[in-house]
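Given the structure is predicted, the values throughout are model-derived calculations rather than measurements.
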Amino acid sequence: MAGAWDDIFNDSMLIKEIAPVAIDAALLEGILMRTKEQPNISEVVNYAPFALLPSPVPKNLFDQAKAAQQDFNLLLDLISQDSGFLEEVLASTVKVDDFIARLFKIYKQVIEEGLAQSVFLGVNRSDYMFHCELDGTTTLKQIEINTIAASFGGLASRTTEVHRHVLNVLGRSKEASELLPNEPSKGIADGIAKAWKLYGSDKAVVMFLVENVQRNIFDHRYIENELWRRKICVIRRKLNDVFDRASLDEERRLFVDGHEVAVAYFRTGYMPQDYNEQGWKARLLMERSKAVKCPDIATQLAGTKKVQQELSRIGALERFLSSSPQAIARMRCTFAGLYSLDEGEEGDQTAAMAIASPERFVLKPQREGGGNNLYGDEIRHLLENIKDPAERTSYILMDKITPRPIKNYLLKAGSDLTLSECISELGIFGVYVRHGREMILNADVGHLLRTKATVHADGGVAAGVAVLDNPYLV
């Protein structure tokens, strides 16, 4: 079924006719981004990059990813509550990675002081690729879990209608009707609204923490607008705004510009460049507060690559979910090979293995946001030139996933209309809310498919490499 659209792709005149139809449909649906030239102004915008037609995804693997999402939600929440586990797993990383060390220092201070926060909100996205095994079968393999600023829930809520319209124009009404409904923006807003209500103040606001450069603002706006429809006030502030104009009262309630903040929803704060010294102080102030942080700093640490690598060890999942062998099985079968580069014999063996066969692996630093991974000769060069083995601990090694390529047209503003060999990555959005010890909400709320040309090893939509897509289940 990988060739489902071959007859369309082979008709160059038809492609030239349908591409403008698709682009106009994307603009009508609000699949928008600001321009690189004016990233903080909406006077000039363009369509976000997207695939001309939905890409084939094996139905059994899509269903498998959805079935495991509530398990991963619960796992992340349990990890965030286990300070001993986080301290043990990240002990080596904080010695060599200043960013993780700064996060961990705030985490330790908040734990020692005692949490003011009693409501916990998680919005995450678990990302997968479809690995082609040696025997020709295709399996689902997890790439990572994003526990902070998991993006494109807004735009993904609009892309289905674009592809449905394009397929209808092409006379493929049956295929159009088979596209899955998908509204993660509503599901994310439901979670934020639930946490806001549990906070217990109708006058309090939801605060979006936003980047200095906001090209992807429309992705935020869909979630914001869902909250406004629920009569929940939303404000947008940068980390430095919080430093300049926020305070805690005696009950450790957080106030910004006179607004009491019920929920602080992070769409920034996942990369070192997101912080200056004022930003770090703002983060500490928020973490000390009663406000619901999404994520709180413990959940951000739970999403690090080092924790992901540790969870792949035999017995690690059992520490958290010993009473749920079915959940353990659902999660474990999605794990790719993950290897420690810590100091010692195990890390030495991992490094030697990677240097000998770098084409088999991906080297991952403790970073979010895409475009950070190393491949092939880059891996060998870095590992051979590390003088102190301790420096390796800021990375993990992962088996390289090898999907079976598909064909599609990737529509990007200003780019030629070219049929590309592509691979896709599936994300499942998860939302959970815990009040004290009670799990109030645990759900998967939608999906995101991103597709990129095989000539690119790494990078997402925001980086200009991947495009938004929809799964066509086969």
Side-chain angles (χ1 to χ4, degrees), residues 64-91 93-94 100 103-104 106-108 110-112 114-128 142-148 150 187-188 191-192 194-195 198 263 266 270 287 292-335 338 366 368 396 427-445:
Q64 182 186 351
K66 281 180 62 69
Q69 187 56 47
Q70 291 183 37
D71 304 324
F72 280 113
N73 289 346
L74 180 57
L75 177 64
L76 287 169
D77 185 53
L78 291 171
I79 292 170
S80 74
Q81 299 174 67
D82 193 330
S83 58
F85 178 79
L86 286 173
E87 189 157 3
E88 176 187 342
V89 170
L90 295 173
T93 304
V94 298
I100 302 300
L103 293 172
F104 195 78
I106 293 175
Y107 168 68
K108 289 290 288 182
V110 171
I111 291 292
E112 290 166 3
L115 293 178
Q117 181 177 347
S118 61
V119 179
F120 296 84
L121 167 65
V123 174
N124 67 81
R125 196 188 68 230
S126 185
D127 292 337
Y128 304 88
Q142 188 183 60
I143 305 301
E144 63 183 354
I145 298 183
N146 303 275
T147 60
I148 179 169
I188 293 168
I192 296 173
K194 176 70 74 174
L198 289 169
V263 179
F266 282 81
Y270 53 91
E287 293 297 328
V292 182
K293 276 75 67 178
C294 180
D296 66 304
I297 208 155
T299 304
Q300 183 172 352
L301 291 170
T304 55
K305 306 295 190 296
K306 184 60 182 174
V307 168
Q308 180 189 10
Q309 179 254 307
E310 189 66 25
L311 291 173
S312 69
R313 293 186 186 275
I314 299 300
L317 293 178
E318 285 78 0
R319 172 170 178 158
F320 300 99
L321 295 165
S322 59
S323 62
S324 303
Q326 297 90 350
I328 290 170
R330 281 191 293 266
M331 289 186 286
R332 182 164 285 146
C333 69
T334 70
F335 290 169
L338 292 154
Q366 308 293 333
E368 304 295 337
I396 66 164
I428 305 294
F429 289 98
V431 173
Y432 61 89
V433 177
R434 173 169 53 86
H435 190 194
R437 291 288 180 181
E438 182 184 359
M439 187 66 87
I440 304 295
L441 171 68
N442 182 3
D444 75 85
V445 298

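Thr147 places a side-chain N or O within 3.5 Å of a backbone atom of Thr299 that can act as its donor or acceptor partner. Distance alone, capped at 3.5 Å, is enough to place a donor-acceptor pair between the Gln366 side chain and the Lys306 backbone. Between the side chain of Glu287 and the backbone N or O of Ala298 there is no donor-acceptor pair closer than 3.5 Å. A donor-acceptor contact shorter than 3.5 Å links the side chain of Arg434 to the backbone of Gly436. Put simply, the side chain of Gln81 gets close to the backbone of Asp77: a donor and an acceptor are under 3.5 Å apart. Between the side chain of Asn73 and the main chain of Ala443, a donor-acceptor pair closer than 3.5 Å is present.
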Could you walk me through whether Thr304 and Phe104 satisfy the side chain to side chain contact (heavy atoms under 4.5 Å, CB included) test, starting with their C-alpha distance in whole Å, then the side-chain angles of each, then the deciding distance to 0.1 Å, before giving a yes or no?
CA-CA 11 Å; Thr304 55; Phe104 195 78; over 6 Å; no
Evaluation steps, side chain to side chain contact (heavy atoms under 4.5 Å, CB included), between Leu321 and Met331:
CA-CA 11 Å; Leu321 295 165; Met331 289 186 286; 3.3 Å; yes
Worked verdict on Leu75 versus Ile145 for side chain to side chain contact (heavy atoms under 4.5 Å, CB included):
CA-CA 11 Å; Leu75 177 64; Ile145 298 183; over 6 Å; no
For Tyr107 and Leu90: C-alpha separation, side-chain torsions, deciding distance, then whether side chain to side chain contact (heavy atoms under 4.5 Å, CB included) applies.
CA-CA 12 Å; Tyr107 168 68; Leu90 295 173; over 6 Å; no
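Taken to the nearest 0.5 Å, the CG atom of Leu317 stands 11.0 Å off from the OG atom of Ser322. Between atom CG of residue Asp296 and atom CZ of residue Phe266 there is a gap of 9.5 Å, rounded to the nearest 0.5 Å. Atom-to-atom distance recorded for Glu318:CD and Arg332:CZ is 4.5 Å, nearest 0.5 angstrom. Atom CZ of Arg125 is separated from atom CG of Asp444 by 14.5 Å, given to the nearest 0.5 angstrom. In this structure, CG on Asp127 lies 5.0 Å from CG on Asn146, to the nearest 0.5 angstrom. The CG atom of Leu311 sits 11.0 Å away from the CD1 atom of Ile328 when rounded to the nearest 0.5 Å.
Residues Asp82 and Arg319 form a side-chain contact, since some pair of their non-hydrogen atoms from C-beta on lies under 4.5 Å apart.
No side-chain donor-acceptor contact under 3.5 Å links Gln64 and Thr334. A donor-acceptor contact closer than 3.5 angstrom is absent between the side chains of Asp71 and Gln326.
Just one of Leu441, Leu76, Val123 meets the side chain to side chain contact (heavy atoms under 4.5 Å, CB included) condition when paired with Tyr432; it is Leu76.
Taking Lys305 as the reference, Glu144, Glu368 meet the salt bridge (Lys or Arg N to Asp or Glu O under 4.0 Å) condition, with sequence neighbours excluded.
The minimum heavy-atom distance linking Gly191 with Val433 is given by the pair O-CG2, 3.6 Å. Contact between Leu301 and Val307 at its shortest, heavy atoms only, is O-CG2, 3.6 Å. Heavy-atom minimum distance, Val292 versus Ala195: CG1-CB, 4.1 Å.
Ring geometry, Phe320 versus Phe85: the interplanar angle exceeds 60°, so the pair is classed perpendicular (tilted spans 30 to 60°).
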